Amino acid sequence: MAKRTAGKAKGGSVVRRQGRRVMPALRRTAKRARVAAQKAQLTVGEVIAAAFDTAGGEMSGVLELVTSPQMTRALGRRIVVVG
């Protein structure tokens, strides 16, 4: 990946160029979500209580919120409800 831009024959100094690979978007987003989740340090109970407040106390609304892809991305973890 590194190339020399000027050779010794031309009288210039040797400068090495180095490229950088871009991280794939999915890993980048997951990494950001993990970092944000680690800062917050929420418990599962707090997440479910917030979902109850948001959904107005309806169980179906809470299940939709907690198991949604947006919540998975925000927490950096997937919540599975078995019932």
Side-chain angles (χ1 to χ4, degrees):
M1 249 186 148
K3 294 184 180 179
R4 295 174 184 222
T5 57
K8 290 183 180 178
K10 294 181 182 177
S13 62
V14 176
V15 178
R16 293 177 57 98
R17 290 188 330 201
Q18 185 174 357
R20 171 175 101 65
R21 290 187 183 185
V22 179
M23 187 181 289
L26 286 175
R27 283 195 359 220
R28 195 176 351 157
T29 318
K31 186 175 181 180
R32 277 193 213 133
R34 258 196 316 275
V35 170
Q38 287 173 350
K39 286 181 187 175
Q41 291 295 322
L42 295 172
T43 64
V44 176
E46 291 172 339
V47 171
I48 292 173
F52 265 106
D53 289 342
T54 305
E58 294 184 27
M59 186 59 94
S60 61
V62 171
L63 289 175
E64 284 180 29
L65 283 172
V66 171
T67 58
S68 69
Q70 291 85 5
M71 185 69 80
T72 300
R73 246 182 274 123
L75 295 175
R77 304 222 180 234
R78 186 171 169 210
I79 298 176
V80 179
V81 180
V82 180

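All figures in this text were calculated on a predicted structure; none of them were measured in a lab.
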Visitor: Which side-chain N or O atoms in residues 42-63 pair as donor and acceptor under 3.5 Å with protein atoms at least two apart or in another chain?
Guide:
| from | atom 1 | to | atom 2 | distance (Å) |
| --- | --- | --- | --- | --- |
| Thr43 | OG1 | Glu46 | N | 3.2 |
| Glu46 | OE1 | Thr43 | N | 3.1 |
| Thr54 | OG1 | Ala50 | O | 2.8 |

Visitor: Drop me the distance from Ile79's CD1 to Thr67's OG1, to the nearest 0.5 angstrom.
Guide: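 These two atoms lie 8.5 Å from each other.
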Visitor: Could you tell me which residues satisfy side chain to side chain contact (heavy atoms under 4.5 Å, CB included) with Glu64, sequence neighbours excluded, listed by chain and number?
Guide: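 Counting only residues at least two positions away or on another chain, Glu64 forms no side chain to side chain contact (heavy atoms under 4.5 Å, CB included).
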Visitor: In the hydrophobic clustering (ILVMFWY, side-chain contacts below 4.5 Å, transitive), which residues join Leu65, or is it alone?
Guide: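 Members besides Leu65: none; it forms no cluster.
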